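Remember, it's a predicted structure, so these values are computed and weren't measured experimentally.
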Amino acid sequence: MIKRDVALTKALFFFFGVGIMGWVPRFPELKANLGVNNGLFGSMLSMGAFGSLAALLTIGHLVDHFGGKKMLLAGQSALSLAYIAIVHVTNLQAFLIINILVGFTISTLHIANNAQAFYDQDRGGKNLVVSAAGYWSAGSLLSTLLSMYLIGKVDLKTHITYLQIFTYLASVLVIIARKETLIPSNRHDRISKSILSDLRKFNFDWVVNFGLIFGIMLEFAIGDWSTIFAKEEGGISATWAPLPFLFFTLFMIVGRVSISQLRKRFKINRLVRFGGLLAGTSFIVGIWFIDQFGLTGLIITFSLAGLGSSFIGPSFLNIANTRINLPSSIVIGQISAVNVMLSWVLKQIIAFVAQVAGLQVALTIPALMAISVGLFTRVFKPIPAK
């Protein structure tokens, strides 16, 4: 039974990746529809962090209270509706409001899915948290390929609408298929009292939080800016501009699904330290030498960046769950809430630098952060399980 459940959990991560990453390669079209510049577009995208933060501070308690089935169904329904709505608006105020809702729904499913992965990992799903992230990456890769194919053939609205209908139906079928083995409800007398009680226990583990943000900020920046960078700085056509992001994602999958084999040969702190160095260095080479190496060079360097950064984020999240004595869903929410606040500030800085100094300078910031992730690997020293 556990093998079947693990496979279905991986399927949830896969469809989650398909659903939320489908619009990324088409950001240039979305930006053009809104009629904004790079700085404003980046700032508007980052406003989704406010919705995300609201979810991260509450949804973990709701997962613990209502159980996995109800929260997964509610989260998937809200997410699909939000994505369909956001590609149909051209008004900046409407886009801003819906983008906050998108941030809320993404974090809702992020918590529900990862809490389920921790639950199944505790039941015997070895290294599931990291490998499931690989299936998320596989879903986002498929969405990238589909988006590349559809650019110029199918308009953005039609593409995202049908994609969301598909991922909604597929996810619901997976949830129903294992409804009896999802996280059980742990109903409290008063959910509001439970939320306030656990918020008072908020644990700011600075080593984990800063290690996490230093490790995954490069992934965020590539998701937000790589297609625009390839098109505007590299002169690459809209059809081929998503390729570097595609290969970044492909090699993230390779790294994440290989984690069990790598763990047999190397300690996790060494893997994370080397991964950050590889990711940041190769990315810097790619963005600063694009004129010399062109699309091919960008693909190679982004591939190495994806491989290096693949297991950093899930590894920090995994260790956080062993260090904080709270239910997994709440741990995920608390760690991710701090991460969202830090990433929001950093995204504002990157957007501002992109506007005043150019994308090459701006994207160097997350690359240097990745190189520095080794400063936080002492968090992986053995500690008693909670």
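Side-chain contact between Leu375 and Phe214: absent, with no pair of heavy atoms (C-beta onward) separated by less than 4.5 Å. Residues Ser226 and Phe302 meet the side-chain proximity criterion, which asks for heavy atoms closer than 4.5 Å. Leu304 has its side chain out of reach of Phe251: every pair of non-hydrogen atoms, C-beta onward, lies at least 4.5 Å apart. Considering only heavy atoms from C-beta on, Phe380 comes within 4.5 Å of Thr377 through its side chain. Using a 4.5 Å heavy-atom cutoff, the side chains of Pro366 and Phe220 are not in contact. Side-chain contact check for Leu53 versus Trp344: every heavy-atom pair is 4.5 Å or farther apart. Between Leu73 and Lys69 there is a side-chain heavy-atom pair separated by less than 4.5 Å.
Of all heavy-atom pairs spanning Leu34 and Thr90, the tightest one is CD2-O, 3.7 Å. What you find for Leu79 and Phe16 is that their closest heavy atoms are CD1-CE1, 3.9 Å. Scanning both residues, Trp240 and Pro244, for their nearest heavy atoms gives O-CD, 4.0 Å. Across every non-hydrogen atom of Ile228 and Pro28, the tightest pair is CG1-CG, 4.2 Å. Between Val272 and Phe311, the closest heavy-atom pair is N-CE1, 3.9 Å. Counting all heavy atoms, side chain and backbone alike, Leu342 lies closest to Asn209 at CD1-O, 4.3 Å.
When atom types are taken as modelled, the side chain of Ser171 and the backbone of Tyr168 share no donor-acceptor pair closer than 3.5 angstrom. Using modelled atom types, one side-chain atom of Ser137 and one backbone atom of Ala133 make a donor-acceptor pair closer than 3.5 Å. In this structure a side-chain-to-backbone donor-acceptor pair under 3.5 Å is missing from Asn339 to Ile335. Checking side-chain atoms of Thr161 against main-chain N and O of Thr158 turns up no donor-acceptor pair under 3.5 Å. For Ser143 (side chain) and Val18 (main-chain N/O), a donor-acceptor pair under 3.5 Å exists by modelled atom type. Remark: side-chain polar atoms of Ser147 are paired, donor with acceptor, to backbone N or O of Gly22 under 3.5 angstrom. Checking side-chain atoms of Ser309 against main-chain N and O of Ala305 turns up a donor-acceptor pair under 3.5 Å. At distances below 3.5 Å, at least one donor-acceptor pair connects side-chain atoms of Asn99 with backbone N or O atoms of Met44. Gln116 places no side-chain N or O within donor-acceptor distance of the main-chain N or O of Leu182, the cut-off being under 3.5 Å. Of the possible donor and acceptor atoms, none in the side chain of Thr281 sits under 3.5 Å from a partner among the backbone N and O of Leu278.
Linking ILVMFWY side-chain heavy atoms closer than 4.5 Å, directly or via other members, places Ile97 and Leu92 in two distinct hydrophobic clusters. Following chains of ILVMFWY side-chain contacts shorter than 4.5 Å, one cannot reach Leu30 starting from Leu101, and the two form parts of different hydrophobic clusters. The cluster map of Ile, Leu, Val, Met, Phe, Trp and Tyr, joined by side-chain heavy atoms under 4.5 Å apart, puts Leu145 and Val257 in the same cluster. Put simply, Ile84 and Val172 are part of two different groups of oily side chains (I, L, V, M, F, W, Y) that touch within less than 4.5 Å, one to the next. The hydrophobic clustering, which links ILVMFWY residues whose side-chain heavy atoms are closer than 4.5 Å, places Phe104 and Leu81 apart.
Ring to ring, Phe41 and Phe27 are close: their centroids are under 6.0 angstrom apart.
The 12-atom threshold is exceeded at NZ of Lys31, counting heavy atoms of other residues, nucleotides or ligands nearer than 6.0 Å. Within a 6.0 Å radius of CZ in Phe274, other residues, nucleotides and ligands contribute 12 heavy atoms or fewer.
Considering only residues two or more places apart in sequence or on other chains, Asn37 meets the side-chain contact (heavy atoms from CB on, under 4.5 Å) condition with Leu40, Gln355.
Below 30°, between 30° and 60°, or above 60°: for Trp23 and Tyr83 the angle between ring planes is above 60°, a perpendicular geometry.
Counted by atom type alone, Gln76 and Ser80 present one or more donor-acceptor pairs between their side chains at under 3.5 Å.
The side chain to side chain contact (heavy atoms under 4.5 Å, CB included) with Val208 is formed by just one residue from the set Val338, Leu317, Ile319; it is Ile319.
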